[in-house]
Amino acid sequence: MRRKIVAGNWKMNGDAELVRDVAAQAADAISGAELVVCPPYTLLSAAANHLPTGVGLGAQNVSEYSSGAYTGEVSAAMLLEMGCRYVIVGHSERRALFGEDSPRVAAKFSAAKEAGLIPILCVGETLAERDAQRTEVVVAEQVGAVFEAVGSHAFSAAVIAYEPVWAIGTGRTATPEQAQSVHACIRQRVAEHDADSAASLPILYGGSVKPDNAEQIFAQEDIDGGLIGGASLNAEGFLKIHRAVVGG
Ligand code: PGA
């Protein structure tokens, strides 16, 4: 059985109060699915101190370099020391707004893995790419760059999040069928390199997942949980989404 995961991506939001709220709600989190919180760097320490054991902590970005004169960057080893188990790499906002192309994202993925973090690789197409029927090509390129940098066992201890760019923060979700079809295609791509890691790879869906649509999405065969943006900023709603993954 594949691990199920619900991860909250706070982006540049949240404060100490949200850390305490999530920590309080997470104390009663049901088992059977991992709960992961990815706050901004500045809240990692508070989150590490307050979150109950068993809740995973993740960062939203990591440097591809291990140390040195890289002002403003944070290395994978530093995140690990902070108590992180996960790190998001290649979120579409980083690709689109901060110029991170697939080779750079792959270098970050590699740095995270080498340090012992579990990378959550985000992939997904824009609306123009979907309309041009290029979804599978785009996602295959994003996944392929990681295989090229890390080798055929790249996804042996990793997570992929499929996040169609047009569904992020828009209130517009991919239909469960649309998402399932891309998830299956991603798993197939990974299987072409390594059948074992494809079989155990958690593939999360992200893009306007809310407490009221989560169960339907999570019920799909190849959807192993979610990466939640806006709805993770409300502790109660976030935990409802977490419960939905076990029902699904
Ligand atoms: P959203 O964001 O849930 O607010 O659409 C998801 C994400 O960007 O990871």
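Whatever order the structure lists them in is the order used to number ligands and atoms, beginning at 1. Everything quoted here is computed from the prediction, not taken from an experiment.
- Taking Ile, Leu, Val, Met, Phe, Trp and Tyr as members and joining any whose side-chain heavy atoms lie under 4.5 Å apart, directly or through other members, Met12 forms no hydrophobic cluster with any other residue.
- Contact analysis leaves Ala231 out of contact with ligand 1, as no non-hydrogen atom separation drops below 4.0 angstrom.
- Those atoms of ligand 1 that come under 4.0 Å of a heavy atom in Gly169, given as number and element, are 1 (P), 4 (O), 5 (O).
- Gln60 places a side-chain N or O within donor-acceptor distance of the main-chain N or O of Lys11, the cut-off being under 3.5 Å.
- Side chain to side chain, Gln178 and Tyr205 fail the donor-acceptor criterion of an N or O pair below 3.5 Å.
- Under a 4.0 angstrom heavy-atom cut-off, His91 registers as being in contact with ligand 1.
- Ranking protein heavy atoms by distance to atom 3 (O) of ligand 1, first place goes to Gly229 N, 2.9 Å.
- Considering each of Gly124, Ser232, Ser208, the one bringing a non-hydrogen atom nearest atom 1 (P) of ligand 1 is Ser208.
- Protein heavy atom closest to atom 9 (O) of ligand 1, with residue, atom name and distance, is Glu163 OE2, 2.6 Å.
- A heavy-atom distance below 4.5 Å is not found between the side chains of Ser63 and Lys108.
- Scanning for side-chain hydrogen bond (donor to acceptor under 3.5 Å, both in side chains) contacts around Ser156 gives Lys113, with sequence neighbours left out.
- Under 4.0 angstrom from ligand 1, the non-hydrogen atoms of Asn9 all belong to its side chain.
- Of the heavy atoms in Ala167, only backbone atoms (N, CA, C, O) come closer than 4.0 Å to ligand 1.
- Grouping the Ile, Leu, Val, Met, Phe, Trp and Tyr side chains by contacts below 4.5 angstrom, directly or via other members, places Val36 apart from Leu79.
- In this structure, Phe147 and His193 have parallel ring planes: the angle between them is below the 30° cut-off, well short of the 60° mark.
- The neighbour count for Glu148 CD, taken as heavy atoms of other residues, nucleotides or ligands under 6.0 Å away, does not exceed 12.
- Counting protein heavy atoms only, atom 4 (O) of ligand 1 is closest to Gly230 N, 2.8 Å.
- Of all atoms in ligand 1, listed by their number and element, those nearer than 4.0 Å to a heavy atom of Gly207 are 5 (O).
- Some N or O of Lys11 is nearer than 3.5 Å to an N or O of ligand 1, by distance alone.
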